[in-house]
Chemist: 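Handing you a structure now.
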Amino acid sequence: MIPIDTALYLSDYLLRNGTQRVSVAPDPEVATILNACRLRGISTIITPDATGGAMLAAAESAVHGGTGVIVTGSGPSAAAVATAAAQAQIERRSLIAITVEPDGDETRVAARRTLDLRALFASVSKGSYRLRADNARELVPLAWHLATTPPRGVVHLRVYSDELTRPAAPVRGQAHPPAPPPSEEYETLRRRAADLISAAQRIVVLVGPDAVEGRAETAARLLAEQWGAALIVTPMAKGAVPETDPAFAGVYGALGDYPIVELIEHSDLVVAFGATSADFVRPWRTSVPTILLTPNGPDPGLTAEVTLVGPLNALANNLPRQAGAYGDGEQRASAARRGIQDALGHPAPDAQPITPQHVIAELRRLASADVPLAVETDLVGLVAAQLWTTTQPRTFLMSNGLGLPGAGLALALAAALHRDGAPVIWLGTDTPLAIRSSLLAHVRDVRVPLPLVVINQGVHLDLLRVQEHAGYPGVGSEYAPLNLEALAALHGLAYSRVESPDNLTGTIADAFTDGRPSLIEVVTERDYWWRRG
């Protein structure tokens, strides 16, 4: 075997397993990995904001189903990565975080070797391991295996910079853990699930993001059709069920979902297919018996009478096709959809002023069916989660309820990097742009139409909504609106301002044909749209 150094072995392994780009926070210690990526043709995205870089790496997993990689030094940037790693771990995103420390010579004093990185990452990863030249050929495959095996998650590798230049030692053994034997309780649980299904009269099938990750959304839809069940999805699984399907009822956890909550309560069985409580914007609270099909094991946030663990397609094949009665799922789903439209209704499109519903409707009308829309987990995103119509998985991109501000922007950027000139849309408020403006430098460099459509209202909507529902005065919920024109100019983005329905359509159409990223500021009516939901 021709000896290659550890950094080149690491880059080769990432490339063989489909990694096209690595996020890197600048630090003197990462130079060896940067050079190895250059030699092997792996793109690097350099971002001074380590949290944003890690969010972008995790977005690679969310958008494309791959494994994201973030490389940083061992000082403050490592702590910043841990913040994003917590979100990735909750969302079960496959992410490898590599922190490079000054060389391992203990006689040298390294001021930055003060953080206990193993302890820092302990609660936000599946494991933190010391990477060395003598274990790289066993540990790197193990890290990849852990990150990609359900439940997917974050794996942290700590490495001294001098280890990266040493030859990677030959393989000495197999680091992968043996596969666990089949559970003795599985057949008992399967029979219990079959009994519940066979007795049920009105079933609801709840489709979650693990169904998309496991390419099992078709199995969920076929089961629902056989049972005459209504279909609902969670925000991160939006698109797993084509919203033209008559059995589709809506999005649980999105704004205006009270008809869906009623639909669940008037059912006698819920089959949660690849669902995870990490995707619940609202807590899961129902007395209706629930069967959870998951690749990840029991979920404490999703109480279920029966939990079946394994590959989702295989689990679906072991369930009965006949329920207690052929349900009226399509009729119940239709009633829920009408209720959602009533909750989120808005004035005619030519009325003044504009509402976010108008913006969402116009974006949907002008964009082709496969154009991804990325949103933040805020009120604008939760309206879009309900009203944006999609028929394909991974065309609606959203983080979970604990998503960091700017997570939607990272998702949009990750999608744009793979779109080969086809457009991507981001929709949100000004707050994520203010917090995560460093990502705008990378937005500028993508060569696709990427309109950033900003609802700039100068108000913390979530806080204001709670205050008004509780009858409190709006203290601390308003702020001076961000100067988006100046922000766009700073990052070299085209800028437009929309204040009336008359120029909304033309501005959006121009953004799609311009061939470059742009920032569109939309001045909307602040009081009407979100209070309805």
Chemist: Consider side-chain contact (heavy atoms from CB on, under 4.5 Å). Of V453, L427, V454, which one does V380 pass it with?
Modeler: L427
Chemist: Going by heavy atoms in the side chains, are Q20 and I42 under 4.5 Å from each other?
Modeler: no
Chemist: If the threshold is 4.0 Å, N to carboxylate O, is there a salt bridge linking R166 and D5?
Modeler: no
Chemist: Indicate the atoms forming the closest heavy-atom contact of L411 with V63, along with that distance.
Modeler: O-CG2, 3.7 Å
Chemist: May I ask you to decide whether E187 forms a salt bridge with R191, counting only side-chain N to carboxylate O separations under 4.0 Å?
Modeler: yes
Chemist: Ignoring hydrogens, what is the shortest heavy-atom contact between A97 and V81? Give both atom names and the distance.
Modeler: CB-CG1, 4.1 Å
Chemist: Going through the distances and angles, do E91 and R152 end up as a salt bridge (Lys or Arg N to Asp or Glu O under 4.0 Å)?
Modeler: CA-CA 9 Å; E91 291 186 2; R152 303 198 312 166; over 6 Å; no
Chemist: Rounded to the nearest 0.5 Å, what separates atom CG in D210 from atom OG1 in T294?
Modeler: 5.5 Å
Chemist: Can you tell me if D370 and S368 form a side-chain donor-acceptor pair at under 3.5 Å?
Modeler: yes
Chemist: How about I232 and V204: do any of their side-chain heavy atoms sit closer than 4.5 Å?
Modeler: yes
Chemist: Would you call R282 and D257 a salt bridge, using N to O less than 4.0 angstrom?
Modeler: yes
Chemist: As a test of understanding, state which of L206, I291, L223 forms a side-chain contact (heavy atoms from CB on, under 4.5 Å) with F273.
Modeler: L223
Chemist: Test side chain to side chain contact (heavy atoms under 4.5 Å, CB included) on T72 and V30 and set out the steps.
Modeler: CA-CA 7 Å; T72 75; V30 307; 5.6 Å; no
Chemist: Between T44 and V71, is there a side-chain heavy-atom distance shorter than 4.5 Å?
Modeler: no
Chemist: Considering residues, nucleotides and ligands other than R285, do more than 12 of their heavy atoms fall under 6.0 Å from its CZ?
Modeler: no
Chemist: Do R436 and E376 sit within salt-bridge range, that is, some charged N less than 4.0 Å from a carboxylate O?
Modeler: no
Chemist: Tell me whether D116 is salt-bridged to R118, with the criterion being a basic N under 4.0 Å from an acidic carboxylate O.
Modeler: no
Chemist: Where is the tightest heavy-atom contact between A278 and I90, given as atom of each residue plus distance?
Modeler: CB-O, 2.9 Å
Chemist: Is any NZ, NE, NH1 or NH2 atom of the basic residue among E213 and R93 found under 4.0 Å from an Asp or Glu carboxylate oxygen of the other?
Modeler: yes
Chemist: Report yes if the side chains of L56 and I45 come closer than 4.5 Å at any heavy-atom pair, otherwise no.
Modeler: yes
Chemist: Could you report the tightest heavy-atom contact between A147 and I96, atom names first, then the distance?
Modeler: CB-CG1, 4.2 Å
Chemist: Looking only at side chains, do E60 and T67 share a donor and an acceptor under 3.5 Å apart?
Modeler: no
Chemist: Using side chain to side chain contact (heavy atoms under 4.5 Å, CB included), reason through M55 and L404 one step at a time and then give a plain yes or no.
Modeler: CA-CA 9 Å; M55 290 164 62; L404 296 170; 4.0 Å; yes
Chemist: What distance do T99 atom OG1 and F121 atom CZ have between them, rounded to the nearest 0.5 Å?
Modeler: 6.0 Å
Chemist: Rounded to the nearest 0.5 Å, what separation is found between the CH2 atom of W144 and the CG atom of L139?
Modeler: 14.0 Å
Chemist: Given side chain to side chain contact (heavy atoms under 4.5 Å, CB included), test L189 with T307 step by step and report yes or no.
Modeler: CA-CA 7 Å; L189 292 171; T307 298; over 6 Å; no
Chemist: Can you list the steps and then say if Y186 with L315 is a side chain to side chain contact (heavy atoms under 4.5 Å, CB included)?
Modeler: CA-CA 10 Å; Y186 174 78; L315 295 177; 3.6 Å; yes
Chemist: Any non-hydrogen side-chain atom of D12 less than 4.5 Å from a side-chain atom of R40?
Modeler: yes
Chemist: Do S74 and E29 make a side-chain contact, defined as non-hydrogen atoms from C-beta onward lying under 4.5 Å apart?
Modeler: no
Chemist: How close do K126 and P151 get, counting heavy atoms only, and between which atoms?
Modeler: NZ-O, 2.6 Å
Chemist: Do we get R130 above Y160's six-membered ring, with its NZ or CZ under 6.0 Å from the centre and within 45° of the axis?
Modeler: yes
Chemist: What pairs meet the ring pair (Phe, Tyr, Trp, His ring centres under 6.0 Å) rule with one or both residues in residues 40-97, with sequence neighbours excluded?
Modeler: H64-H418
Chemist: Decide yes or no on side-chain hydrogen bond (donor to acceptor under 3.5 Å, both in side chains) for E163 and T6, but give the supporting numbers first.
Modeler: CA-CA 7 Å; E163 292 285 339; T6 302; 5.6 Å; no
Chemist: Just so I know, are the side chains of F512 and P423 near enough to count as touching, which here means a heavy-atom distance under 4.5 Å?
Modeler: yes
Chemist: First locate atom CD of Q392, then atom NZ of K238, and finally report the distance between them rounded to the nearest 0.5 Å.
Modeler: 13.0 Å
Chemist: Would S61 and S94 count as having a side-chain donor-acceptor pair, cut-off 3.5 Å?
Modeler: no
Chemist: Provide the closest heavy-atom pair for Y252 versus P235 in the form atom of the first, atom of the second, distance.
Modeler: O-CD, 3.3 Å
Chemist: Do the non-hydrogen side-chain atoms of W426 and L413 ever get within less than 4.5 Å of each other?
Modeler: no
